[in-house]
Amino acid sequence: MNLLAPSILSADFSNLAQQIRLTEIGGADLIHCDVMDGQFVPNLTIGPLIVEAAKRCTKLPIDVHLMIVSPDALIPEFAKAGAAYITVHQEAVPHLHRTIQLIKSLNCKVGVAINPATPISTLKNILEDVDLVLVMSVNPGFGGQQFIPSSLPKIEELKNLREKFNYSYQIEIDGGVNKNTVQKIKEAGCDIFVAGSSIFHAENITAATTELKNSIL
Ligand code: DX5
Ligand code: ZN
C-alpha cells in the first residue's frame, strides 16, 4: 500500500501539534521531519528536540530526513527522539555502509537519499542493506520548489532493481509532490510520497491530505 508522509517543514511551528493532527485526521501515514544543518543544504531547520516533540503529538511513525554532514554523532539522538525511519544522504556520508549499520543497531529503519544530480548506480553496493531509498525530486533545502521530472526514471530503475534482485526497500519521493505531479509519480512505482507545501499551505490541511492520499491509493 502506498503511503503519504506530510513534511512539517511547511507547517506552522507555532501550532505544530494541531497541524500534525489535521494531517492525521486526513489520512497521513508518516510524519516527515526535514533536518537541515546550513552546510549540506543552505537552510537551517530542526533537531532532535522538535522530532521528540513531533513524536509526542502523534501515533504515526516519524520519518527523519537528515540533510546534514557527518550525521553519525547525532543519529543516536534522533533514534532516542523516537524516529521510526532515519534517512541519510549518500552525498553527505563518506562511510555509508558504517552509517547504515549504526542506524540499524539503534533499531530504526534505515534510508538512503540521493539528490537530483546523483545516479542510482552510486547506491549499487548498499541497496540490499536499506529499508528505504529516498529520491529527491528537488534540490534539498526548501519547500515549495518545482518537481524535477528526471526523478521519475530513477523510481522506475529502483523498482526494476528491487524486482530483479529481490530487494526489500521502499521507494520514497520528496519534493514538488502535489495534485498535478502525483499521478505520474504513482505510475513510476513510488511507495511513499512526501508532501510539504501542497498540504500545509492549503486552505484546508485535512482536505488536502485526504485528496493526495486518495490519489496515491
Ligand atoms: C526539501 C525537503 C522536503 C520538502 C518538500 O529539501 O526534503 O521534504 O519539505 O516540500 P514540498 O512538498 O513543498 O516540495
Ligand atoms: Zn525531506
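Every value quoted in this text rests on a predicted model; they were computed, and no experiment measured them. Counting convention: from 1, in listed order, for ligands and their atoms alike. The first residue of the sequence shown is numbered 1, and numbering continues consecutively from there.
Taking a 6.0 Å sphere around CG of L49, one finds it holds 12 or fewer heavy atoms contributed by other residues, nucleotides or ligands. Atom CD of Q101 is surrounded by more than 12 heavy atoms from other residues, nucleotides or ligands within 6.0 Å.
Nearest to atom 13 (O) of ligand 1 among the protein's heavy atoms is S197 OG, 2.6 Å. Of all protein heavy atoms, the one lying nearest to atom 11 (P) of ligand 1 is G144 N, 3.7 Å. Nearest protein heavy-atom neighbour of atom 10 (O) of ligand 1: G143 CA, 3.5 Å. Regarding atom 9 (O) of ligand 1, its nearest protein heavy-atom neighbour is S7 OG, 2.8 Å. Closest to atom 14 (O) of ligand 1 among all protein heavy atoms lies G176 N, 2.8 Å. Nearest protein heavy-atom contact of atom 1 (C) of ligand 1 is F142 O, 3.6 Å. The protein heavy-atom contact nearest to atom 6 (O) of ligand 1 is G141 N, 2.8 Å.
Taking OG1 of T209 as the reference point, atom CG of L4 lies at 6.5 Å (rounded to 0.5 Å). In this structure, CD in E91 is found 7.0 Å from OG1 in T122, a value given to the nearest 0.5 Å. Remark: L158 CG to I171 CD1 distance equals 5.0 Å, nearest 0.5 Å.
Of all heavy-atom pairs spanning V41 and M67, the tightest one is CG2-O, 3.9 Å. Nearest heavy atom pair, residue I46 against residue F13, reads CG2-CE2, 3.8 Å. Of all the heavy atoms in V112 and I126, the pair that sits closest is CG1-CD1, 3.8 Å. In terms of heavy-atom proximity, L44 sits nearest to G38 at CD1-N, 4.1 Å.
For ligand 1 and H32, the ligand atoms under 4.0 Å from any heavy atom of the residue are 8 (O). Which parts of ligand 1 touch P140 is read off a 4.0 Å heavy-atom cut-off, strictly below it: atoms 6 (O). Applying the 4.0 Å criterion to heavy atoms of V194 picks out, from ligand 1, the atoms 8 (O). Near H65, with a cut-off below 4.0 Å to any heavy atom, the atoms of ligand 1 are 7 (O). Every atom of ligand 1 is numbered from 1 in the order shown, and the set under 4.0 Å from a heavy atom of M36 is 6 (O).
Listed by chain and residue number, M136, N139, P140, I148 satisfy the side chain to side chain contact (heavy atoms under 4.5 Å, CB included) test with P116 (two or more places apart in sequence, or in another chain). Residues passing the salt bridge (Lys or Arg N to Asp or Glu O under 4.0 Å) test with D37: none are found, sequence neighbours excluded. Listed by chain and residue number, Y167 satisfy the side chain to side chain contact (heavy atoms under 4.5 Å, CB included) test with E128 (two or more places apart in sequence, or in another chain).
Taking only nitrogen or oxygen atoms, main chain and side chain alike, D174 reaches within less than 3.5 Å of ligand 1. Considering backbone and side-chain atoms together, G196 places an N or O closer than 3.5 Å to an N or O of ligand 1. For ligand 1, the polar-atom distance check finds no N/O of S10 at less than 3.5 Å from any of the ligand's N/O atoms. Below 3.5 Å of separation, one finds an N or O of D34 facing an N or O of ligand 1. Annotation: L9 places no N or O atom under 3.5 Å from an N or O atom of ligand 1; distance criterion only. Polar contact with ligand 1: absent for G175 (N/O pair, distance under 3.5 Å).
In this structure the side chain of L3 reaches within 4.5 angstrom of the side chain of Q170, judged on heavy atoms.
Classification of the H89-H65 ring pair by plane angle, with boundaries at 30° and 60°, yields parallel.
Remark: the backbone N or O of I114 is not paired with any side-chain donor or acceptor of Q90 at under 3.5 angstrom.
R56 has a carboxylate O that lies under 4.0 Å from a charged side-chain N of E52, or vice versa, which qualifies the two as a salt bridge.
Under 2.8 Å from the Zn ion (ligand 2), one finds the following protein N/O/S atoms: H32 NE2, D34 OD1, H65 ND1, D174 OD2.
At least one heavy atom of M67 sits less than 4.0 Å from an atom of ligand 1.
Here A195 has backbone heavy atoms under 4.0 Å from ligand 1, and that is the only part of it that gets that close.
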